[in-house]
Amino acid sequence: MFINAMGLILADHKRIQLGELSRPRALAAIPFAGRYRIIDFMLSNMVNSGMTSVGVIALHKYKSLMDHLGTGSSWDLDRKNKGLSLLPPYINSVNINDGGEIDDLSGLLDFFRANRRRYVVIANSNVVFNATFNDFVARHEESGADISVLYNRDGMKYGSPGAILGVDRKGWVKDVLFNPPKPVSSRCSMGVIIIERERLLDLVNEDVARGEHDFSVENFLRRYVELKIFAMEYKEVLLRINSIQTYFSSTMDLLDERTRQDLFWSGLPVFTKVKDEAPTLYGSKNRAENSLISDGCLINGAVSNSMLFRGVTVSAHATIKNSIIMQDTYISEGVVLENVILDKNCVIRPGIKLVGQKEFPVVIGKGAIV
Amino acid sequence: MFINAMGLILADHKRIQLGELSRPRALAAIPFAGRYRIIDFMLSNMVNSGMTSVGVIALHKYKSLMDHLGTGSSWDLDRKNKGLSLLPPYINSVNINDGGEIDDLSGLLDFFRANRRRYVVIANSNVVFNATFNDFVARHEESGADISVLYNRDGMKYGSPGAILGVDRKGWVKDVLFNPPKPVSSRCSMGVIIIERERLLDLVNEDVARGEHDFSVENFLRRYVELKIFAMEYKEVLLRINSIQTYFSSTMDLLDERTRQDLFWSGLPVFTKVKDEAPTLYGSKNRAENSLISDGCLINGAVSNSMLFRGVTVSAHATIKNSIIMQDTYISEGVVLENVILDKNCVIRPGIKLVGQKEFPVVIGKGAIV
Amino acid sequence: MARTEIVALILAGGQGSRLGVLTKYLAKPAVPFGSRYRIVDFTLSNCSNSGIETVGVLTQYQPLALNTYIGNGHPWDLDRNKGGTYILPPYQKTGHSDWYKGTANAIYQNIEFIEDWDPRYVLILSGDHIYKMDYAKMLETHIRQKADATIAVLEVPWSETSRFGIMNTDKQGRITTFEEKPKQAKSNLASMGVYIFNWPVLRAELSCDEEDKDSDHDFGKDIIPKMLQVGMNLQAYRFSGYWKDVGTISSLWEANMDILDRPHDINLRDRDWRIYSRNPVKPSHFIADSAEVSNSAMTDGCNIFGTVDHSVLFNSVTIEKGAVVRDSVLMPGVTVASGAVLNKCIVSFATVIGQDVRAGADITGRCQYTNEHLLSGGITVFERGLKIRDKAVIPGNSMVTYNEPDEIIETRFRV
Amino acid sequence: MARTEIVALILAGGQGSRLGVLTKYLAKPAVPFGSRYRIVDFTLSNCSNSGIETVGVLTQYQPLALNTYIGNGHPWDLDRNKGGTYILPPYQKTGHSDWYKGTANAIYQNIEFIEDWDPRYVLILSGDHIYKMDYAKMLETHIRQKADATIAVLEVPWSETSRFGIMNTDKQGRITTFEEKPKQAKSNLASMGVYIFNWPVLRAELSCDEEDKDSDHDFGKDIIPKMLQVGMNLQAYRFSGYWKDVGTISSLWEANMDILDRPHDINLRDRDWRIYSRNPVKPSHFIADSAEVSNSAMTDGCNIFGTVDHSVLFNSVTIEKGAVVRDSVLMPGVTVASGAVLNKCIVSFATVIGQDVRAGADITGRCQYTNEHLLSGGITVFERGLKIRDKAVIPGNSMVTYNEPDEIIETRFRV
């Protein structure tokens with residue numbers, strides 16, 4: 001309960017773009033796992049750790065993120081003293097078009113000054129797992145490190161793995177390689193670090209003084225020579241979303257019993273914005289199997305190995321296979337979909353056939369009428 | 001209760017700058033009347049009218065406005081469906097410094113689409129009064145006008161009166177003059193208009209199509225030839241804040257019994273962010289008279305004809321006359337202030353003397369140590 | 001708007017004893033309904049959607065679950081700083097204390113609460129009806145007709161008039177006479193138990209009624225007839241649309257089946273009039289390879305490996321492979337183990353139906369749980385938190401409730 | 001954190017009869033204190049500042065004002081979706097119903113509520129003490145000492161030990177014996193009525209105590225002695241700082257004066273431990289030309305035209321020109337008309353003191369309202385909602401309460 005730490009989530013990541021899905025929104029706001037946005041998992045981890053103060057740095061396209069987060073009440077973060085702070089770039093001059101400057105870091109400094117917790121957990125929003133940070137913060141405290149970083153052994157699994165860590169026997173980071181062509185280790189940073197707030201303030205102030213405005217987890221890791229960085233392994237289920245391919249395969253992983261159990265049924269709830277949809281209704285001639293289906297759907301066709309978000313309509317004689325169908329999308333009669341990702345509010349007209357490949361799913365952007 | 005209208009407050013005004021007070025914040029966020037920000041009056045008017053959906057357009061320096069508004073709970077606007085929406089400029093490209101564009105109006109259109117009320121009350125934030133809009137909306141409905149505008153008879157009172165309305169016998173606007181050298185009428189627009197939401201959407205869409213991005217009450221009034229604009233008089237107490245001078249004189253007006261009664265004791269509460277300060281303590285040798293004093297102050301000196309915000313300390317042998325002292329400012333022993341405006345968090349060191357003139361008060365910016 | 005225009009009061013104090021074990025630990029308004037909801041969600045959502053922000057819930061019997069379910073009122077947007085939801089049980093005053101004695105007495109005991117809001121109008125509601133209604137429109141009519149009270153009515157089949165309070169009205173909708181459960185009705189306009197009163201009028205009537213030793217202190221039996229007697233202007237407000245009193249096991253079962261068979265009647269998918277509920281915070285439901293689901297409703301957290309037909313499943317229900325569930329209502333957390341077959345069963349919270357159990361309408365005969373007083377048509381009801389023994393056979397019209405372990409119940413656990 | 005670590009329960013059920021007319025319409029925790037607060041604000045703010053988010057308030061007597069004051073819990077940041085504040089009056093269970101019989105029985109009757117949160121620890125608090133305390137630190141000690149229960153204690157003057165429950169401890173702080181109001185105390189460590197229990201331990205003790213026909217069902221008298229008797233590990237947690245039980249008129253008056261005379265002791269200006277309260281939504285207070293204010297505390301909405309010395313004024317108090325108020329406590333909305341002189345008076349909500357009234361400690365003699373049972377030292381108390389006749393003279397030690405109009409009271413009105 002009484003964790004002496006606050007959270008900071010980076011809603012965007014310079015190196016990660018999910019094509020059509022990224023077009024209208026920040027990475028953190030991309031819908032995932034039927035009822036959620038990607039950020040819900042990290043936010044829930046923080047809230048489940050007992051944090052009552054979380055900041056979200058959003059640099060652009062933050063409108064859907066703002067709409068999603070609202071007052072923070074879905075995460076019980078609608079606190080008197082602003083439990084959830086969206087930190088957009090502050091425009092400090094009278095008119096941006098008259099040459100005003102955008103000052104990301106001064107807003108961030110205010111946030112750290114107003115919320116006095118001893119530690120800060122800083123996290124990228126592209127990793128999906130379900131855990132609390134309490135033990136990690138305690139271990140960080142014991143270690144005496146400047147920064148602790150979480151990693152898992154995914155290093156060999158993905159083509160573009162991010163930051164690979166060289167770690168000595170005692171757990172100290174001795175080397176950091178970004179996207180190496182041939183990984184030297186399987187230890188792959190999760191993009192989650194723990195640091196003392198006062199220490200962080202010093203580092204950020206230094207950056208500001210240097211005219212450096214780029215705040216990222218990776219920039220901290222780069223400083224492994226001057227700072228003592230301790231590495232801690234995370235051993236449970238973890239999904240990394242780095243690309244359309246990993247977005248698609250991570251979704252399909254959720255159909256696996258073990259992954260689903262670990263992410264959703266370990267006893268720590270994953271909170272998201274409540275939508276008050278009706279229950280899902282199954283008609284008399286539907287055929288649904290091996291699929292995750294959210295509230296508010298109408299299922300009259302065949303759905304297999306797929307993920308349906310809230311409010312999807314599947315008309316009779318439609319067939320959906322290995323696909324991801326986002327909120328309020330309408331699938332007309334006789335449609336055939338295979339290896340497809342449909343964003344929100346699409347309409348697929350009668351008889352349309354869309355077939356992609358597992359490695360190259362067809363992606364249709366928000367609101368398309370096909 | 002069941003008013004079929006939503007509110008929209010313009011936090012900034014191109015033509016209104018309050019010098020040092022405007023430097024760190026939007027016009028709407030300037031502290032006023034001891035416990036409030038200027039916007040609190042308009043927001044309270046809307047909430048007291050029964051509105052449960054209010055948007056605030058902020059174009060720049062919106063950080064203190066965001067902090068002040070928080071989740072909207074102080075105005076009971078922390079609704080499930082976002083009672084209070086801050087509408088900052090949305091940055092739609094990846095990086096504003098890479099030539100992204102700021103798109104004010106598309107966010108506004110989304111707001112109007114998501115909140116379905118029949119009418120919209122659009123208001124500038126520089127007028128302070130205490131009233132509900134229920135009767136005005138009813139009269140607008142009866143009039144058959146495209147737009148209704150509120151005015152009062154202040155036209156002769158101020159040097160720079162804003163929009164002077166020429167009105168025919170039936171109440172239709174026939175002429176609009178902006179800052180005329182010699183007012184043709186005493187009817188001065190309050191910068192508050194009522195319009196049907198659908199009509200507004202059409203007008204804004206038109207503007208967008210024309211590449212016009214300037215959204216203001218004055219731009220609507222300018223169209224009095226093509227649109228039917230109905231004028232309605234407001235007869236109660238109204239303060240206009242157009243300049244440092246009017247800010248100062250409006251504050252002094254509050255010491256007048258009638259003004260205070262009308263603005264604060266007419267039965268309609270003025271809501272503001274709750275600060276949970278301690279009660280104000282008066283020492284044994286203070287001398288306070290004809291002043292408005294907020295919670296959390298310590299009064300040990302002489303205070304007359306002044307307005308003290310929350311958490312002000314007045315040390316022994318200090319003398320404050322005809323002045324406005326904002327939140328958490330510290331007045332040391334032996335200080336003499338006359339016709340002074342001190343912004344938040346100032347420290348006035350022992351023995352300092354600051355004397356301005358009624359028409360030209362000395363203004364000291366936020367956080368200054370004098 | 002310094003004063004509150006209208007305060008709603010939901011009568012949720014009844015024991016709901018006709019729902020048997022379903023209300024053993026819960027007040028009736030807290031009973032689950034329609035896959036995602038509790039009965040009271042409909043009334044609370046109607047208030048919220050009508051713009052009513054001050055709602056008192058008068059409880060007496062087992063208020064705890066209702067209290068924690070309603071909580072801060074946030075799911076219904078009723079967590080207001082001014083207004084919001086209040087649980088109002090009877091309380092101790094200086095010198096005396098009373099349980100609520102009737103619907104009118106319950107309101108009488110809360111006069112102080114109502115006065116605190118200084119309302120013009122008071123809306124009296126019942127917490128056990130399923131319907132969608134805009135009370136703001138009813139209030140508009142009430143104001144326009146300059147009524148002392150307005151009563152919502154709906155047309156019922158002439159054959160059923162003897163079960164309702166029937167209003168006889170003149171052509172303008174003014175109520176001329178009121179008959180409680182008449183044998184020979186003159187009209188088929190039945191009271192829905194939804195009343196708007198001018199508060200000063202109601203306050204006077206309640207005080208007067210409280211003095212009357214012969215009164216049952218009931219709105220239908222006492223308050224309304226007295227007001228008609230003295231010639232007050234009582235208006236009937238006609239409602240058309242889905243409305244169901246879910247006060248009995250069979251009406252509760254039927255109303256659940258209506259969601260499947262007549263989805264457009266109550267229309268839960270209407271986005272302009274959402275029915276809000278407290279969210280269970282569970283992931284999307286999972287339909288396995290082995291599952292067959294038809295004509296059914298379900299919600300988050302379900303895991304379906306078996307066969308579900310024409311049933312209503314609440315959150316986190318697990319149907320194991322080979323289990324078959326038909327015409328049933330399974331409340332949150334219920335597990336049906338492999339090989340079990342349920343027909344027309346209502347299973348309360350978290351109960352585990354063991355392997356190869358056979359229960360419900362298709363099993364004839366009697367057992368120690370047979371209860372033909374409350375049950376008919378083969379409906380079979382299970383209390384919450386039971387583990388039903390593998391292979392148990394339970395005939396229809398049974399109300400399975402824990403006493404001690406026996407050949408049907410293996411054990412019980414805390415829910 | 002799926003389970004709740006700790007649940008706080010505030011005992012707010014007592015009638016507070018020693019506060020006389022101040023608790024005629026209010027439970028004691030709802031009585032105003034210290035210019036901006038109600039008594040319960042201190043306990044609620046302590047919970048909120050300690051990070052405790054689930055708080056049950058056990059009420060019985062006049063809960064309504066407390067219920068509406070606490071409302072959605074927002075002012076204390078306790079309007080949580082999980083957790084938050086719950087008003088817990090006694091309720092009707094199947095077959096029986098009971099009022100709370102003692103502090104332990106009150107908790108016993110709410111076992112179901114507590115179980116719903118599945119806590120490891122339960123914090124038992126009293127709703128009528130003025131103090132600032134970090135319960136999280138107390139919990140840390142409790143956990144570190146592996147205690148079954150931890151009791152907060154503070155040193156009291158040896159001369160006052162006979163008024164308290166006194167703990168005798170060994171050097172490690174473990175409680176060896178407990179004496180309720182001992183004549184010859186062996187220690188001056190008094191219980192503050194703040195307990196942390198391991199929930200499973202307390203649950204067992206409560207059930208056991210409930211069976212005991214000879215028990216008074218009280219924590220101090222029954223539960224704690226029994227736990228010591230069977231050798232459980234009970235720890236004393238030392239508190240130092242301002243603490244005051246405001247259970248009597250004179251202690252309430254003194255505690256108010258402490259705000260003026262010892263402002264650093266309770267320190268309401270501590271921004272790291274704010275005391276929250278429900279805001280009255282009034283403008284800044286106004287001090288007129290004619291006013292003289294010294295050694296006093298006041299808050300929003302006051303309008304001062306007269307003389308105020310060494311007094312505590314709540315929101316929206318009006319002191320007319322020529323009126324003099326000394327050593328007094330004026331609750332929200334009180335008006336003192338011109339020429340009136342008050343000394344050592346406590347005036348409840350909205351009461352109007354007429355012109356030229358003289359009342360309080362400097363007036364000797366007796367009147368029909370003299371009450372030396374509850375009052376001493378000249379303190380004079382006025383019920384809420386009275387209009388005191390112009391020129392009335394009211395001697396000290398009077399408790400002015402409405403019965404019928406007389407030479408002192410002109411009329412009364414609804415507050």
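Note that these values count all heavy atoms, side chains included, but never hydrogens, waters or copies made by symmetry. Chain identifiers are assigned alphabetically (A, B, ...) following the order of the sequence lines, protein sequences preceding nucleic acid strands; residue numbering begins at 1 within each chain.
Ranked by heavy-atom pairs under 4.5 Å with chain D, the list S304(B), G34(B), S284(B), G296(B) is led by S284(B). When each of S284(D), A297(D), A288(D), S290(D) is checked for heavy-atom pairs under 4.5 Å with chain B, S284(D) comes out on top. When each of L260(D), N303(D), V312(D) is checked for heavy-atom pairs under 4.5 Å with chain B, N303(D) comes out on top. Contact tally against chain B (heavy-atom pairs below 4.5 Å) for S294(D), G34(D), S316(D): the top residue is S294(D). When the candidates C297(B), A288(B), A33(B), G283(B) are compared by the number of heavy-atom contacts under 4.5 Å with chain D, G283(B) comes out ahead. Comparing D78(B), L263(B), V274(B) by how many heavy-atom pairs each has under 4.5 Å with chain D, the most go to V274(B). Each of D300(D), V281(D), I259(D) has some count of heavy-atom pairs under 4.5 Å with chain B, and the biggest count is that of D300(D). When each of D295(B), N300(B), V270(B) is scored by its heavy-atom pairs under 4.5 Å with chain D, the top score falls to D295(B). For the set S45(D), G301(D), P263(D), C302(D), the entry with the most heavy-atom pairs within less than 4.5 Å of chain B is G301(D). In terms of heavy-atom pairs under 4.5 angstrom with chain B, the leader among V308(D), T299(D), D289(D) is D289(D).
Applying the 6.0 Å contact sphere to NE2 of H310(D) captures more than 12 heavy atoms from other residues, nucleotides or ligands. Heavy atoms of other residues, nucleotides or ligands lying less than 6.0 angstrom from NZ of K321(D) number 12 at most.
Interface remark: R310(B) contributes no atoms to any contact with chain D (heavy atom separation under 4.5 Å). Contact of E257(B) with chain D is made through the side chain alone, with heavy-atom distances under 4.5 Å. With a 4.5 angstrom heavy-atom cutoff, F314(D) does not touch chain B via any of its atoms. Heavy atoms closer than 4.5 Å to chain D are found in the backbone of K275(B), but not in its side chain. If you measure heavy-atom distances from I299(B) to chain D, you find no contacts under 4.5 Å at all. Within the 4.5 angstrom heavy-atom criterion, atoms from both the backbone and the side chain of R269(D) approach chain B. Only the side chain of Y36(B) comes within contact range of chain D, judged by heavy atoms closer than 4.5 Å. There is no contact between N315(D) and chain B, counting heavy-atom distances below 4.5 Å.
Between the NE2 atom of H74(D) and the OG1 atom of T71(B) there is a distance of 6.0 Å, given to the nearest 0.5 Å. We find the CD-CZ distance between E292(D) and R287(B) to be 5.5 Å, quoted to the nearest 0.5 Å. In this structure, OG on S73(B) lies 7.5 Å from CG on D79(D), to the nearest 0.5 angstrom.
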* When you look at R271(D) and D276(B), which way does the side-chain contact (heavy atoms from CB on, under 4.5 Å) test go after all the steps? -> CA-CA 9 Å; R271(D) 294 196 172 175; D276(B) 296 298; over 6 Å; no
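When side chains are defined from C-beta on, P279(B) counts as touching L268(D), because their heavy atoms get closer than 4.5 Å. Contact check for I293(B) versus F286(D): no side-chain heavy atoms found under the 4.5 Å cut-off. Looking at heavy atoms from C-beta onward, R35(B) lies in side-chain contact with N279(D) at the 4.5 angstrom threshold. A heavy-atom distance below 4.5 Å is not found between the side chains of I304(D) and Y282(B).
At distances below 3.5 Å, at least one donor-acceptor pair connects side-chain atoms of R36(D) with backbone N or O atoms of E277(B). A donor-acceptor pair under 3.5 Å is absent between the side-chain atoms of N290(B) and the main chain of I287(D), judged by distance alone.
Residues Y37(D) and A278(B) approach most closely at OH-CA, 3.6 Å, considering heavy atoms.
For the residue pair T280(B) / H285(D), no side-chain donor-acceptor distance below 3.5 Å is found, with atom types taken as modelled.
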